[in-house]
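Report on one structure; see the data block that follows.
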Amino acid sequence: LSGATPTSLSEMVINSDTITKVVLVLLVVLSLVSWAIMLAKWWEFRALERVSERFVEDVEQATKFEQAAALARRARPSPFTKVVVRAAQFLSDVRAAQAPTVDGAPALLSAAQVEALRLVLDAEAENSRTRYGRYIPVLAMIASASPLIGLLGTVLGVISAFIGLSTKGSGNIGAVAPGVATALIATAAALTVAIPAVFGYNIFANRLNRMAARVDGFGSEVIGLMAREGRL
């Protein structure tokens, strides 16, 4: 570093060496990516909760499975509507493979078929978890990697500052202090990237877990509706 001693953060960034600037640019990119993911997930979960609450309330008031299936076909797609649609498709496939009873009524599902239906609905709940959990692990990766990137930038910046000090032949601490302070900017920037990413990951991971648990419980409610109707 050369010239006047920087007195502000912007001057320190401008006067930093190439390595520090590269690290800062990388951290800015990671910060933009993490905030884009958090905003997208916030909007996605907000829309999902608004649509799902209305649909679940309507299904809870239904007295027959056909009513729930009709509501699912009319409602906006969501993990909850997909559970009902999968259950209706399962019943249709089972009825097509079963022989009709003497009175023409559809045969009841056996214990093995009920268990198969449970597995189908569990698989749909897991698919929803996978679908809405996309990019959330990226927040964890950014939160864990950015401090290491910042530390690397700081170490390399300090090394560069001491190398510059040795070439100038000055042992004054004032000659190396600006370079060390500038190098520490990388660590500070890394923390400003990592901290929001950690909070974002924990928040959305918890919301994802709650959503998956609700979808799984909703599948049990659908099976219960079938049982009350005498389909099982």
Side-chain angles (χ1 to χ4, degrees), residues 36-141 199-232:
I37 292 174
M38 287 187 285
L39 290 175
K41 286 299 173 184
W42 175 82
W43 179 262
E44 186 178 38
F45 279 106
R46 180 174 178 271
L48 171 64
E49 291 170 357
R50 184 173 60 251
V51 173
S52 299
E53 287 290 342
R54 186 180 310 151
F55 174 73
V56 171
E57 290 176 358
D58 292 340
V59 170
E60 289 176 349
Q61 298 176 359
T63 57
K64 294 183 178 181
F65 178 74
E66 282 80 4
Q67 296 176 353
L71 289 171
R73 287 190 290 268
R74 293 196 303 266
R76 291 179 58 184
S78 72
F80 298 91
T81 61
K82 291 180 183 297
V83 166
V84 177
V85 171
R86 287 291 297 271
Q89 184 63 44
F90 181 87
L91 287 181
S92 177
D93 295 340
V94 169
R95 286 177 179 176
Q98 285 179 333
T101 58
V102 177
D103 56 0
L108 298 179
L109 297 182
S110 64
Q113 290 170 333
V114 174
E115 181 62 23
L117 174 59
R118 176 75 266 177
L119 293 176
V120 167
L121 299 187
D122 287 344
E124 183 58 43
E126 188 61 28
N127 290 339
S128 298
R129 173 189 286 274
T130 302
R131 183 164 54 251
Y132 284 91
R134 286 182 301 179
Y135 305 118
I136 291 179
V138 176
L139 294 176
M141 182 185 68
F199 278 100
Y201 172 78
N202 290 323
I203 290 172
F204 291 112
N206 289 333
R207 295 183 72 173
L208 178 65
N209 290 334
R210 291 198 304 268
M211 184 273 294
R214 289 189 61 193
V215 173
D216 187 65
F218 182 73
S220 299
E221 292 181 8
V222 170
I223 294 178
L225 177 61
M226 295 180 182
R228 292 194 301 270
E229 196 176 345
R231 294 174 177 268
L232 309 182

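Contacts of A62 classified as side chain to side chain contact (heavy atoms under 4.5 Å, CB included), with partners at least two apart in sequence or in another chain: Q67. Applying the side chain to side chain contact (heavy atoms under 4.5 Å, CB included) test to E60 and every residue at least two apart in sequence or in another chain returns V56, E221.
Counting only heavy atoms from C-beta outward, the side chains of P79 and F218 never approach each other to under 4.5 Å. By the 4.5 Å heavy-atom criterion applied to side chains, S128 and E124 are counted as neighbours.
Put simply, CG on D216 and CD on E126 are 9.5 Å apart, with the number rounded to the nearest 0.5 Å. In this structure, L117 CG and M226 CE are separated by 5.0 Å, a value rounded to the nearest 0.5 Å. How far CG of L71 is from OG1 of T81: 11.0 Å, rounded to the nearest 0.5 Å. Atom CH2 of W43 and atom CG of L48 lie 13.0 Å apart (nearest 0.5 Å). Put simply, CD on E53 and CD on E57 are 6.0 Å apart, with the number rounded to the nearest 0.5 Å.
With a 6.0 Å radius and a threshold of 12 heavy atoms from other residues, nucleotides or ligands, Y135 has its OH atom at or below the threshold. In R54, the CZ atom is not crowded: 12 or fewer heavy atoms of neighbouring residues, nucleotides or ligands sit closer than 6.0 Å.
One side chain, R118 or S220, offers a donor N or O that lies under 3.5 Å from an acceptor on the other.
Residue F204 comes nearest to F45 through the heavy atom pair CD2-CD1, 3.9 Å, listed as atom of the first residue, atom of the second, then distance. When all heavy atoms of V85 and A72 are compared, the closest pair comes out as CG2-CB, 4.1 Å. Here the closest heavy-atom approach between residue I136 and residue Y201 is recorded as O-CD1, 3.3 Å. Taking every heavy atom of both residues into account, A87 and V222 meet most closely at CB-CG1, 4.0 Å.
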Show the numbers, then the answer: is there a salt bridge (Lys or Arg N to Asp or Glu O under 4.0 Å) between K41 and E44? CA-CA 5 Å; K41 286 299 173 184; E44 186 178 38; 2.9 Å; yes

Please tabulate, for side-chain N and O atoms in residues 205-213, each donor-acceptor pair with protein atoms closer than 3.5 Å (sequence neighbours left out).
unit_1 : atom_1 : unit_2 : atom_2 : d
N206   : ND2    : N202   : O      : 3.0
R207   : NH2    : E49    : OE1    : 3.2
R207   : NH2    : E49    : OE2    : 2.9
N209   : OD1    : R129   : NH1    : 2.8
N209   : ND2    : A205   : O      : 3.2

